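Residue numbering restarts at 1 for every chain, and letters A, B, ... go by the order of the sequence lines. Since this is a predicted model, take the numbers as computed values, not measurements.
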Amino acid sequence: MVIWDGLSQAFSLIITRDPAMMQIIWMSLLVSGVSVLLASAAGIPLGTWLGLAPAHRVRWLAQILYTLMGLPPVLVGLFVYLLLSSAGPFGVLNLLFSPTAMILAQTILALPIVTGLTMIAVRSKDREIRDTAVSLGASAWQVALTIIREARLAITGAVVTGLGRLMAEVGAVMMVGGNIEGKTRVMTSAIVLETRRGNFEMAIGLGIVLLALAFIINSVLYRIQGVGRH
Amino acid sequence: MKTTNPWVRGWRLTVLVLLVLIVAAGCGQGGTLTSGGQDGTSQEPPQELKLATTTSTYDSGLLDEILPVFEEKYNYRVSVLSMGTGAALEVGKRGDADVLLVHAKDKERQLVQEGFFVDRQDVMYNDFVVVGPTDDPVGIKGSADAAAAFQQVAEKEAVFVSRGDDSGTHSKEKSIWKKAGTNPQGNWYQSVGQGMGDVLRMTSEQQGYTLTDRGTYIALRDKLNLVVLVEGDQALFNQYGIMVPNPEKNPHINYDGATALIQFFVSDEGQQLIAGFKQHGEQLFYPNAQ
Amino acid sequence: MFRLESVCKSYGSRNVVEIPGCVFTRGLIHGIMGPSGSGKSTLLRLLNMIEKPTAGQIIFRGHDLVTCRPRLSLQRRMAMVFQKPVLFEASVYENVAYGLKVRGLQRADVREKVLEALKTVGLVHLERQPARTLSGGEAQRVAIARAFVTEPEVLLLDEPTSNLDPQNVGMIEDLVRMINRERQTTVILVTHNVFQARRLADHITFMYEGKVVEDGPTEAVFTSPGDDRTRAFIHGDMVY
């Protein structure tokens with residue numbers, strides 16, 4: 001069975017800490033991690049602002065946001081490719097087929113997700129929280145910070161969701177990264193390559209490693225934010 | 001102070017992790033992320049060379065065999081971008097790669113004439129084969145005429161899976177249909193827009209027919225329930241060429257590196273490496289540089 | 001303390017509060033009574049600057065709450081406790097410290113004041129507890145501690161005991177009295193509980209359908225109400 005072979009392949013990859021795989025894992029973590037952090041740095045404040053604004057006034061923005069949450073990665077990849085292509089407007093930067101290009105594409109992908117989910121998280125917090133903070137003398141900034149803190153579990157969820165989408169994403173990273181061995185190859189593009197090459201066991205093995213990694217990351221993030229503490 | 005509040009620490013930790021990752025990313029951009037393969041030889045750091053090529057050459061493993069020899073000898077580091085022929089040509093036209101190894105001879109020549117590429121050379125060929133179910137319900141086994149075989153498949157309306165992605169293989173398939181004087185249409189003709197491996201799998205699942213390059217078929221053979229039915233027709237030969245984006249239009253490309261790679265591919269050494277490359281005991285590419 | 005001049009607050013075409021003139025004197029405990037929907041809570045929110053009046057002026061110790069800048073420095077001279085105690089997802093200590101921290105106090109001062117306030121409400125032993133584990137009565141006491149720890153000039157209380165058991169009600173009423181006497185904090189207490197109003201308040205304002213229909217010293221209002229609706233309310237005859 002291919003799946004059992006894949007499982008044993010996954011085990012041997014992990015046990016031997018195959019250097020090529022370690023490099024790929026590192027690149028996946030680096031690209032998706034930095035992207036989700038950049039997207040969060042912009043998306044959490046933006047989502048908070050949208051969540052605090054009266055819903056009817058930002059309705060159009062919210063609808064655009066929901067639409068963008070479903071952006072096909074390949075489309076984002078193509079867009080970033082055309083921007084960074086040497087014939088494109090930012091060609092002189094010579095960033096195409098580099099981790100930076102992948103980070104750019106993935107940040108664009110994650111931004112609407114983090115922003116939208118943060119907006120929902122902030123809206124789900126009762127108005128009472130806001131009134132309480134205001135009545136205790138908080139400034140507008142302090143109110144926003146308080147609400148972010150109060151919604152921190154759901155916001156962590158937003159970041160984890162964004163990270164999950166990025167780690168599982170292949171269209172954009174393949175398009176702007178080029179899947180170059182030792183440079184821009186990540187877990188997902190390696191899986192595509194192994195599948196194309198007919199190495200199904202290796203593909204499944206890598207897939208299992210990817211899932212295990214996602215599980216560990218989620219556990220760590222939730223632990224940091226203290227889910228399940230009583 | 002005694003912070004009684006665990007989440008304050010949580011946030012600080014998050015911010016710390018964030019900073020570390022950003023710093024790490026910054027280092028990553030600095031070019032330290034070359035693969036583990038190169039341990040400190042005392043020579044200058046290798047120059048980068050971007051080779052855009054088709055999935056078939058890369059996936060077969062041919063380049064893994066040839067490029068390290070070139071890299072070692074001339075001190076380059078070749079980044080391989082493998083994509084469909086259509087995409088590779090487009091990337092080359094935009095000057096996003098330094099050199100192209102593709103298989104669409106007519107189109108390549110046309111683009112050279114239009115001034116997009118220079119220095120085109122033939123490198124090697126491989127061949128296409130028509131594959132289908134072992135019991136071959138249409139009865140084309142042993143034929144040496146691909147066009148005739150296609151015509152029979154169309155008449156019997158047996159399932160035929162087409163790449164449908166403007167790849168080199170797809171162009172070849174279309175040219176054979178043209179030669180057969182048939183315009184394939186109907187439920188039996190499935191244009192799926194996927195890579196060769198996927199197309200072979202779909203063909204095998206449905207016990208249909210398809211046109212494939214021999215290399216991909218051999219690599220996947222054990223997992224497929226398909227056999228070679230038609231081979232050896234001149235029309236099934238598949239010429240690979242190597243060429244450079246016009247350096248006058250794309251002054252930023254690494255023209256010297258590209259020239260070195262072309263010279264290497266057409267040199268005796270390169271040609272012998274191609275001929276010596278075997279998968280599952282079979283030669284996949286036949287060198288034919290002039 | 002507060003002077004209202006032709007204040008009106010409306011949502012759409014509905015006037016929720018409509019007060020031509022009204023004064024809340026410094027140092028007293030004011031009881032605002034009235035049936036549900038009479039505009040008591042909205043009035044309190046107007047005083048606390050959580051909402052702006054649609055028209056009119058609210059003068060707080062010489063400053064117009066609507067036009068005055070900066071808003072924050074005025075708002076920080078008051079504190080409000082809501083009917084439902086909304087505590088932050090943090091420890092009891094952090095909750096009480098909130099108002100002090102947003103004002104930028106030194107850590108040591110914060111600590112001293114918070115512990116003092118927790119002692120006053122009898123909850124020092126729960127300092128490190130997550131706020132969400134508290135009972136209703138404890139939570140409301142934390143909410144009150146969180147408000148008065150900022151040493152406001154006026155403490156606004158919106159039905160602070162409506163969901164509590166008699167023991168906690170008694171404790172909180174003692175607390176309010178103590179804050180008023182010992183710190184000379186003006187208290188404005190919204191309640192629909194006539195007994196509580198009589199027990200605590202020095203001065204009663206009775207509201208009905210957004211308007212002030214009775215306003216006077218507690219004893220006077222209770223012994224000889226000037227308005228039929230006030231009388232009906234006090235005697236428990238009002239159906240609402």
Enter the distance from A/Met174:CE to B/Ser82:OG here, rounded to the nearest 0.5 Å.
6.0 Å

Intermediate values then yes/no, side chain to side chain contact (heavy atoms under 4.5 Å, CB included), A/Tyr81 and B/Glu90:
CA-CA 12 Å; A/Tyr81 169 78; B/Glu90 197 56 40; 5.8 Å; no

Sort A/Ile24 into side chain, backbone, both or neither according to what part of it lies under 4.5 angstrom from a heavy atom of chain B.
neither

Determine, stepwise, if the pair A/Ile180 / B/Leu81 fulfils side chain to side chain contact (heavy atoms under 4.5 Å, CB included).
CA-CA 6 Å; A/Ile180 298 169; B/Leu81 308 162; 3.5 Å; yes

Selection from B/Met83, B/Lys93, B/Arg201, B/Met196 maximising heavy-atom pairs under 4.5 Å formed with chain A:
B/Arg201

Whether the side chain of A/Ser86 engages the backbone of B/Arg94 through a donor-acceptor N/O pair (distance < 3.5 Å, no angle test) should be reported.
yes

Does any heavy atom of chain A fall under 4.5 Å from the side chain of B/Gln279, the backbone, both, or neither of them?
neither

How far apart are the closest heavy atoms of A/Glu181 and B/Arg77, and which atoms are they?
O-NH2, 2.9 Å

Which answer fits B/Lys50, side chain, backbone, both or neither, if we ask what part of it has an atom under 4.5 Å from a heavy atom of chain A?
side chain

Tell me if the CD atom of B/Glu282 is crowded by more than 12 foreign heavy atoms within 6.0 Å.
yes

Partner chain B: residue of A/Gly178, A/Ala87, A/Ser85 with the largest heavy-atom pair count (under 4.5 Å):
A/Ser85

Which atom names give the shortest non-hydrogen contact between A/Phe97 and B/Asp96, and what distance separates them?
CE1-O, 3.4 Å

So, the part of B/Val78 with a heavy atom under 4.5 Å from chain A: the answer is neither

Side chain, backbone, both or neither: which part of A/Thr184 has an atom under 4.5 Å from a heavy atom of chain B?
neither

